[in-house]
Structure formats: structure tokens, C-alpha cells
There are 2 protein chains.
Amino acid sequence: MSSAPRSARGPRPGSNARVASIDYGNLHAHYGYALKRAQIAAFDAFARATAGMQMTPPRYTALVILQANPGISQSALGSALGTARSGAMMLTDWLVRRDLAERRHRTDNKRAWGLYLTCEGAALVVRLKRRVFAHDQRVAARLTARERRELLRLLEKFTE
Amino acid sequence: MSSAPRSARGPRPGSNARVASIDYGNLHAHYGYALKRAQIAAFDAFARATAGMQMTPPRYTALVILQANPGISQSALGSALGTARSGAMMLTDWLVRRDLAERRHRTDNKRAWGLYLTCEGAALVVRLKRRVFAHDQRVAARLTARERRELLRLLEKFTE
DNA sequence: TATTGTTATACTCTATAACTATA
DNA sequence: TATAGTTATAGAGTATAACAATA
């Protein structure tokens, strides 16, 4: 994929490529280390799946949550994302600026907005999901179908 | 663990706690999402294991790599960490300032340093490894021994 | 008194680029 | 011409704190 001349300067920053000449000790026995590397690989796949769409994992997550929870408040969105209210605010601003989501006044609570996807937003989520899931399968191609299910199951059990 | 009054404001920022009232769609079917959440859990365990020691995952990784590769150059350390040279520089500065590592001149190449752990650094790595591995086991306690091995194996296969 | 949204601020992390000295 | 180290800078991401409006 990369083509710029990098000479013998090693892997580009942000990569998780393993360097043959280096002894990594027992780093790979740490869940944190192994998870971080796998996560970088998965996020690389996400970046390829959404290239040129100015998408990020948090933005994608927000879109999916808005799709599944129409009318949710900004604070609740923040909780779902595990981010502070101010972060949910900026995320929402971005979505609104792109006409992917809109804030609607609530009748029951004048403090909170109800957040909804626009038509474009709803269409985009559908398109995005297809692309991201397709790249997910590609990056996990090394695993058998059984291993893929098992990985997700173990991750869930580990996190819970 | 937490005790500050947070009322009903939901999980604190940076947490990956699941909110019962929210529909997460099929987010959990994405490797990136599942991996990110698991990684947060693992890094939380790392933070608990190293509380008050001003340790971070990159610092710990650097210490382990220095332990396994005495005399390594800063650039090679950067490659191993997947970070830019400038990042390896600041990391090394931090270690040197704490008397955990030292730069030694090389006879064969006057451009590059050779990096070595000091006695304190070597002692610290041993202590850290014990603590981090102990907390690793605790966070993975929900998994059986077989599942733990399988998780690490699948992560490795996924990343490679 | 607590919550929602908002804004401003600060901090961490890390990539990029330019420079120097060696090779 | 390329590499190792250094330094300065910039950007992304995100937490904290304070405030007004509402509950």
C-alpha cells in the first residue's frame, strides 16, 4: 500500500510492524500489549475502509448509536461513547455541520436536545457499515470462521 | 474503587462501562470496537498495577526492550515501539532523567548512542514485570487458563 | 441542588520538518 | 546521499472547569 521511499528507516511511525532484529522479551504475553497491536491493525483497516470520508472511529460509533437510539440526548451519547459531555458536543457539532444529524427541541425537557440522524446520515451509516464490516472480514481473513467468533466472544468476556 | 459523588451522570470519561439503557447496535461485532474496549480494560489494569510510579505503557515497553536489547540505538527503539525518532528521544530523556537508563558512546558509529538500563532501571523492570503480570492475571480472571492462551494466540494471529 | 448544553482551556501524545554531525 | 540524534512546532483527541438555563 505504501510507496514513498523510506529507505532502511524502519516501519513508519504509528505502525505496529514487528522488527526482526529486536528481541521483544515477553511483551507479547501481556494482554495490553497484544490488544493494543491488534487494535492498531483493526483501526488501520477502518481507515482503509473509510479513506477520504473524513471518518474516525468515534464518529462512526456516534452514527451507529444515533441510528439505534433516535432522540438520544448529547449527554447520553457521551456516556455511550465513554467520553465527556464536551466531547459529545464537538462530535455532534461535526455531524450537524455535515448534515448527518440534527438537534431537535424536546417537549418534556427544555434542557436537553433530541439527536436524530438526517436522511443523509441514515444513508451514510448503512453505506459505512457495509464497508467497515467488509474490511473487518478482510483483516480477520487469517482466522477461521470459528476463530473469529471465538475472538469476539473472548474479547467480550475479557472486557465485561 | 471510585468514590467521588457522581450522581446519575453516567460513567466517568475514559471509561468503557456499558450503559444499560442504550442500544449499541451491532458495534460489538466490529473487531476494532471490541479490541478498543478490551484494551481500555487492560490499560486500566496497568494503571492500577503501576499506580504512583509515573509509569505508562510506552515507558514500560521501552524498559522491557532495553532489558532485552542492551546497547540498542534510539532509532531502533523507536522502530520497536512503532513511534517516530522524536518520540523515542523524549522517552529516552525521561528514562535518563530518572536514572533508569543511560546513553553510552559507541566506538563503531559516532552518530548513534547505545542505550543501556542502569542498575536501578534493571531492578525496576523486574519489579514492574511482576506487578503488571499479576494484574494481567487478575483482569483475565474471568477467562479459563485455556481461554487466556487462546485469546493471546488469536490476537497474535489477527495482528500478524 | 443537580443536570444539560456550552465554551474556554489545558494537557498528553505523537507526527512532521528542519537542522547538525556523522557515515 | 542517507542516517542518528536533536529540537521546535503543530495537530488530534479529550479531560476539566466554569457558566447559564432548566429541572
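Chain A is the first sequence line, chain B the second, and so forth, proteins listed ahead of strands; every chain is numbered from 1. Nothing here was measured: the structure is a model prediction, and the numbers come from that model.
Among the heavy atoms of the strands lying under 4.0 Å from A:Ala112 are primed sugar atoms or P, OP1, OP2 only; no base atom is included. Residue contacts shown for A:Ser86 include a base, since a base heavy atom lies under 4.0 Å away.
Less than 6.0 angstrom separates the ring centroid of B:Tyr60 from the ring centroid of A:His30.
In terms of position along DNA chain C, the nucleotide closest to B:Thr83 lies nearer the 5' end than the nucleotide closest to the other residue of the pair B:Thr83 and B:Asp108. Residues A:Thr107 and B:Gly114 both approach DNA chain D. Their nearest nucleotides, taken by heavy-atom distance, put B:Gly114 toward the 5′ side. Each of A:Lys110 and A:Arg59 was assigned the nucleotide of DNA chain D with the nearest heavy atom; the assignment lying further toward the 5' end belongs to A:Arg59.
For the residue pair B:Gln54/B:Arg59, the side-chain donor-acceptor check at 3.5 Å is not satisfied.
You'll find that the side chain of A:Ala84 is closest to D:dA15, out of C:dG5, D:dA15, C:dT3. Minimum atom distance to the side chain of B:Arg111 is reached by D:dA4, of the listed C:dC13, C:dG5, D:dA4.
Without hydrogens or angle criteria, A:Ser73 side chain to A:Ala76 main chain gives a donor-acceptor distance under 3.5 Å.
At least one side-chain nitrogen or oxygen of B:Arg103 sits closer than 4.0 Å to the OP1 or OP2 atom of D:dT6. A sub-4.0 Å separation between OP1 or OP2 of D:dG5 and a side-chain N or O of B:Ser75 is present. For C:dT3, the OP1/OP2 oxygens have no side-chain nitrogen or oxygen of A:Gln74 closer than 4.0 Å.
The separation between B:Asn109 atom CG and D:dG5 atom C1' is 11 Å, rounded to whole Å. Residue A:Leu81 contributes atom CG, which lies 15 Å from atom C1' of D:dA15 at whole-angstrom precision. Atom OH of B:Tyr60 and atom C1' of C:dC13 are 21 Å apart (whole Å). A straight line from CE of B:Met90 to C1' of D:dA10 spans 12 Å, rounded to a whole angstrom. One interatomic measurement links the two molecules: CG of A:Leu115 to C1' of C:dG5, which rounds to 11 Å at whole-angstrom precision. Between B:Arg12 atom CZ and D:dA15 atom P the separation is 11 Å, expressed in whole Å. In this structure, CH2 of A:Trp94 is placed 14 Å from C1' of D:dA12, rounded to the nearest angstrom. When rounded to the nearest whole Å, the span between CG of A:Leu91 and C1' of D:dA12 equals 13 Å.
For the pairing with B:Leu115, the side chain to side chain contact (heavy atoms under 4.5 Å, CB included) check across B:Leu77, B:Val96, B:Leu95, B:Ile65 returns one residue only, B:Leu77.
Taking the ring centre of B:Phe158 as origin, the terminal cationic atom of A:Arg142 falls outside the region bounded by 6.0 Å and 45° from the ring axis.
Evaluation of atom-type donor-acceptor distances gives a pair under 3.5 Å for the side chain of A:Arg85 against the base of C:dG5.
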